[in-house]
2 protein chains.
Amino acid sequence: MKFSTTEENYLKAVYYLQGQHGNVSTNALAARLQSKPASITDMMKKLSNKKLLNYKPYYGFSLTTDGKKVALSVIRKHRLWEFFLAEKLNIGWDEVHGIAEELEHVSSKKLIDKLDAFLDYPAFDPHGDPIPDKLGKMQKSNKIPLTNLKLSTPAKVISISNPKPNVVEILKEKKITVGTLVEVKRVFDFDHSLQVKIAASKTETISKQLANMIFVSDVDV
Amino acid sequence: MKFSTTEENYLKAVYYLQGQHGNVSTNALAARLQSKPASITDMMKKLSNKKLLNYKPYYGFSLTTDGKKVALSVIRKHRLWEFFLAEKLNIGWDEVHGIAEELEHVSSKKLIDKLDAFLDYPAFDPHGDPIPDKLGKMQKSNKIPLTNLKLSTPAKVISISNPKPNVVEILKEKKITVGTLVEVKRVFDFDHSLQVKIAASKTETISKQLANMIFVSDVDV
DNA sequence: AAATATTTTTAGATTTGTCTAAATATTTAA
DNA sequence: TTAAATATTTAGACAAATCTAAAAATATTT
Ligand SMILES: [Mn+2]
Ligand SMILES: [Mn+2]
Ligand SMILES: [Mn+2]
Ligand SMILES: [Mn+2]
């Protein structure tokens with residue numbers, strides 16, 4: 001079966017929102033896909049007819065087994081391409097996502113399996129998210145937001161969620177990028193801001209808001 | 001400027017048909033794009049409004065300088081991807097075209113320039129067609145159909161035009177593939193069939209029809 | 001130079017994906 | 001347990017790309 005770019009994007013969005021909850025609402029999807037509730041309802045009916053999701057009007061939706069399979073195959077493509085872009089083409093971690101958003105819709109099954117082999121079957125994408133294999137199986141991610149890191153425990157920055165230009169700007173100023181070693185020294189009770197030692201050198205204060213977008217993993221992993 | 005997949009495909013088709021003639025007709029384009037004349041007229045008006053082609057109703061169309069630039073950028077993307085697929089992913093010469101047909105519409109300029117560098121700026125795609133550089137410049141192709149090869153002159157097969165399954169079948173039977181050395185020994189006057197020595201071993205008879213689809217270049221090149 | 005054949009364009013529909021505004025259902029609060 | 005607020009769906013419209021059938025223009029024959 002082949003699906004349109006739009007269908008694939010909707011299924012992927014349902015998959016991500018399902019993660020936390022289990023049942024996804026019209027408004028949540030509209031917000032995520034930057035579209036309007038009416039558009040969501042239309043597409044949900046269509047995907048429901050194709051047996052890709054369970055849909056009970058007014059009570060939200062969830063992926064069927066088939067729908068989940070499609071979502072995972074799109075995520076597989078997305079993350080493999082991100083790995084390729086970062087690893088082979090040396091494109092920055094803050095740029096690969098947007099390009100992969102287009103590449104993920106190229107449909108050739110052979111292409112993606114050959115790419116997987118060429119990259120030597122990577123398990124994680126450049127943001128530390130696990131790459132599903134041919135069968136949709138993937139390892140558990142070990143990344144946590146900086147806000148959850150234990151005090152005085154060195155960790156490595158592995159991704160920045162949703163890196164908009166203004167976020168990139170402040171991180172550049174504080175010399176934090178993917179790969180940087182960090183260690184949380186103290187958390188202030190007043191505003192939950194963090195005192196963070198950066199790359200074994202200077203210490204910076206980081207707002208709770210910003211720390212929530214910085215993801216790290218244990219150094220030894 | 002960004003263009004839709006459809007617009008890019010139309011511009012590319014005009015570019016190719018323009019090669020021989022210079023002015024392209026509605027019917028010729030419809031045939032090439034496997035669509036209907038009415039659809040062509042609609043799109044021609046649109047592209048003409050965008051100043052990508054010169055269009056005088058009833059008298060055909062040709063690309064403007066801007067239109068040619070777009071067409072060449074799509075061809076550049078197409079051929080670079082074909083090179084990548086064949087060279088890095090080991091996908092067969094008869095399969096790369098279809099996949100590149102999708103990849104060529106991925107829009108990132110940075111992606112394509114990084115890919116170009118990663119591939120070390122190849123000058124020809126796996127079918128022997130020249131790859132335009134950043135500026136649209138490309139070398140001249142030196143491939144000729146087997147029907148034009150001088151007698152008793154060794155040459156290398158560099159591409160098969162339009163490799164449909166039934167063509168691939170007969171070539172497989174005769175053990176001709178991209179890279180094979182061939183030498184035309186004799187051309188029969190009656191039906192213009194060719195006696196061809198294949199890979200310095202056995203000799204086969206090849207119809208004019210088939211020989212027209214096999215492209216070769218001098219061995220020394 | 002008509003008459004005929006061919007090519008191209010226009011008119012009107014269709015499909016996919018989207019939207020706004022209005023109607024309806026559900027949830028929350030009084 | 002009604003009333004108000006919120007969420008969702010429906011109705012109707014629109015843009016992009018396509019098609020069929022009919023009309024109009026151009027090209028080819030007699
Ligand atoms: Mn991504
Ligand atoms: Mn996408
Ligand atoms: Mn090709
Ligand atoms: Mn194409």
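Per chain, numbering begins at 1; letters A, B, ... match sequence-line order.
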Touch class at under 4.0 angstrom, heavy-atom based, for B:P57 against every strand present: sugar-phosphate
Value in whole Å for how far the P atom of C:dT8 lies from NZ of B:K56: 14 Å
Atom-to-atom span, CD1 of B:I40 to C1' of C:dT9 - whole angstrom: 13 Å
Separation of D:dA27 C1' from B:Y58 OH (nearest whole Å): 13 Å
Separation of atom OH in A:Y10 from atom P in C:dT16, rounded to whole Å: 14 Å
Sugar-phosphate, base or nothing in reach of A:T26, heavy atoms under 4.0 Å: sugar-phosphate
Sugar-phosphate, base or nothing in reach of B:T41, heavy atoms under 4.0 Å: base
Side-chain donor-acceptor pair present, B:S107, A:E102, cut-off under 3.5 Å: yes
Whole-Å distance separating the CE atom of A:M43 from the P atom of C:dT16: 10 Å
Proximal nucleotide (of D:dC19, C:dT18, D:dT8) relative to the A:N27 side chain: D:dT8
Aromatic ring pairing A:F118/B:F84, orientation class (parallel under 30°, perpendicular over 60°, tilted between): perpendicular
Length of the CZ-C1' vector between A:F61 and D:dT9, whole Å: 11 Å
Side-chain N,O (B:Y55) to OP1/OP2 (C:dT8) below 4.0 Å: no
Strand partner of D:dT30, provided both Watson-Crick or wobble distances fall under 3.5 Å: C:dA1
Presence of B:K36 side-chain N/O under 4.0 Å of D:dT20 phosphate oxygens OP1/OP2: yes
Listed nucleotide nearest any side-chain atom of B:A38, set C:dA11, C:dT27, D:dT10: C:dA11
Side-chain donor-acceptor pair present, A:T147, A:N212, cut-off under 3.5 Å: yes
Length of the CD-P vector between B:Q34 and D:dT18, whole Å: 13 Å
Ring centres under 6.0 angstrom apart (B:Y15, B:Y10): no
Whole-Å gap separating C1' (C:dT9) and NZ (B:K45): 7 Å
Face-on cation placement of A:K88 at A:F83 ring, 6.0 Å and 45° thresholds: no
Phosphate OP1/OP2 of C:dC19: any A:S39 side-chain N/O under 4.0 Å: yes
